[in-house]
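First the structure, in the form of structure tokens, and then the observations on it.
Note that the structure is a prediction, hence the values are computed from the model and not measured.
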Amino acid sequence: MRVRVLYHDHCFDGAASAAFFSRFYAAKYAPEARFEFTGLAHKASQLFEDSLFDGDVNAIVDFKYSPDPRLTWWFDHHQSAFLNPEDAEHFRRDRSSQKLYDPSYSSCTMFIARVARDQFGFEAPDLAELVNWADIIDGARYSNAQEAVELSAPAMKLTLVIESAKGSEIIHKIIRWMQHRKLGEIIQEPEIQQLYAPLHERHLRSVEIIRERAHNQKGVIFFDLIGDQLEGYNKFIPYYLFPNSTYTVSVSTSSFRTKVSVGSNPWSPQVPDHNLATICERYGGGGHPRVGAISFEVGAVTEARKVAQEIKAELEG
């Protein structure tokens, strides 16, 4: 049996969700199954190609819903889990008990772990570290911005590799390791160390680039990284640099999209009162109440900058 697991790519919670689901499914249903992984990214174009659902069992974790009849399992926790009302209605009509959604969870990994325990009687005590760190990272439950940016814990070092590594091959290895190994062991793998060293240098450079580009006005940090060749960065850097801020809005570009990112400071002295997922949904994006994003086609810089300025003005007001 081949199990295809589609997960949110270049995301610690996405990788951890894929790892926990695979461990659960193998233990409960198919110990001899072959698991194959596909990373999914939020794009302005179609998210699900027909060729993606090529397993005997197909699962999506930590990513939007698909009404494709070949989809067997689905877990998500994002407010913006459905591409359209028709998909949401399709989900509501499902009676398989294998497509599950709860936006009250900080991380999809924690959601899968709780469902696996409460509904299917599966527990994996040795994965408690993985589940806990996925919840800290995806829920921004760090003690402070220094913990999030200075990368002292193995999970934070691994997050840097997952978020910044080129391609998905190494992430698939990490997902397989995560199913049975401690995070401190994984980060010590020679292949991971070889990737981590230059990525850490790049991380330090990104702190300085954002320090140069960012401005804080009325509690809203804004910066534009178009042209800086900075494909991805630690989203807590702005709050590390401006601890008294409330929100951040940024524009960046990558090999497959132009992106507007919107976030809120977990340690802000003023409690954020805007639902950022709802704001992003107006422009075709989504996310969580405290963090969201909007994807545009590659090269749609003018459009992305315009949207970013509109959101910045709304948050400042």
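Salt bridge status for Lys173 with Glu169: absent, with no side-chain N to carboxylate O gap under 4.0 Å. Salt-bridge formation is not detected for the pair Asp126/Lys182: no Lys NZ or Arg NE/NH1/NH2 atom is positioned less than 4.0 Å from an Asp or Glu carboxylate oxygen. Salt-bridge formation is detected for the pair Glu314/Arg282: a Lys NZ or Arg NE/NH1/NH2 atom is positioned less than 4.0 Å from an Asp or Glu carboxylate oxygen. A salt bridge between Arg213 and Glu208 is absent, with no side-chain N of the basic residue lying under 4.0 Å from a carboxylate O of the acidic one. We find that Arg34 and Glu36 are joined by a salt bridge, their nearest charged nitrogen and carboxylate oxygen being less than 4.0 Å apart. A salt bridge is defined here as a Lys NZ or Arg NE, NH1 or NH2 lying under 4.0 Å from an Asp or Glu carboxylate O, and Lys306 with Glu310 meets this definition. A salt bridge links Arg92 with Glu89: the closest approach of a Lys/Arg side-chain nitrogen to an acidic carboxylate oxygen falls below 4.0 angstrom.
Considering only heavy atoms from C-beta on, Phe20 stays 4.5 Å or farther from Met178 through its side chain. Residues Ile137 and Met156 have side chains in contact (heavy-atom distance under 4.5 Å, counting atoms from C-beta outward).
The aromatic ring centroids of Phe21 and Trp73 lie less than 6.0 Å from each other. Ring centers of Tyr29 and Tyr25: under 6.0 Å apart, within the cut-off.
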Carefully, step by step, assess Arg141 and Ser106 under the rule side chain to side chain contact (heavy atoms under 4.5 Å, CB included).
-> CA-CA 9 Å; Arg141 297 179 182 273; Ser106 299; 2.4 Å; yes
Please walk me through it: do Asp62 and His78 pass side chain to side chain contact (heavy atoms under 4.5 Å, CB included)?
-> CA-CA 8 Å; Asp62 197 37; His78 295 89; 3.1 Å; yes
Worked check of ring pair (Phe, Tyr, Trp, His ring centres under 6.0 Å) between Phe24 and Phe120 | CA-CA 9 Å; Phe24 154 71; Phe120 298 95; 5.4 Å; yes
Candidate pair Leu100 and Ile112, rule side chain to side chain contact (heavy atoms under 4.5 Å, CB included), full reasoning = CA-CA 9 Å; Leu100 301 117; Ile112 296 171; over 6 Å; no
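Scanning all heavy atoms of the two residues, the minimum distance from Val57 to Thr72 falls at CA-OG1, 3.7 Å. Nearest heavy atoms, Ser80 versus Glu281: OG-OE2, 2.6 Å. In terms of heavy-atom proximity, Val260 sits nearest to Ala304 at CG2-O, 3.4 Å.
Screening His172, Arg4, Glu49 against Thr38 for a side-chain hydrogen bond (donor to acceptor under 3.5 Å, both in side chains) leaves a single residue, Arg4.
Classification of the His274-Tyr247 ring pair by plane angle, with boundaries at 30° and 60°, yields perpendicular. By the 30° and 60° cut-offs, the orientation of the rings of Tyr142 relative to Trp267 is tilted. Below 30°, between 30° and 60°, or above 60°: for Tyr101 and Trp74 the angle between ring planes is below 30°, a parallel geometry.
For the pair Asn58 (side chain) and Gly55 (backbone), a donor-acceptor distance under 3.5 Å is present. In terms of modelled atom types and a separation under 3.5 Å, the side chain of His203 and the main chain of Val149 share a donor-acceptor contact.
Atom OG of Ser252 and atom NZ of Lys259 lie 6.0 Å apart (nearest 0.5 Å). A distance of 11.0 Å separates CG in Leu158 from CH2 in Trp133, rounded to the nearest 0.5 Å. Ile174 CD1 to Ile187 CD1: the interatomic distance, rounded to the nearest 0.5 Å, is 7.5 Å.
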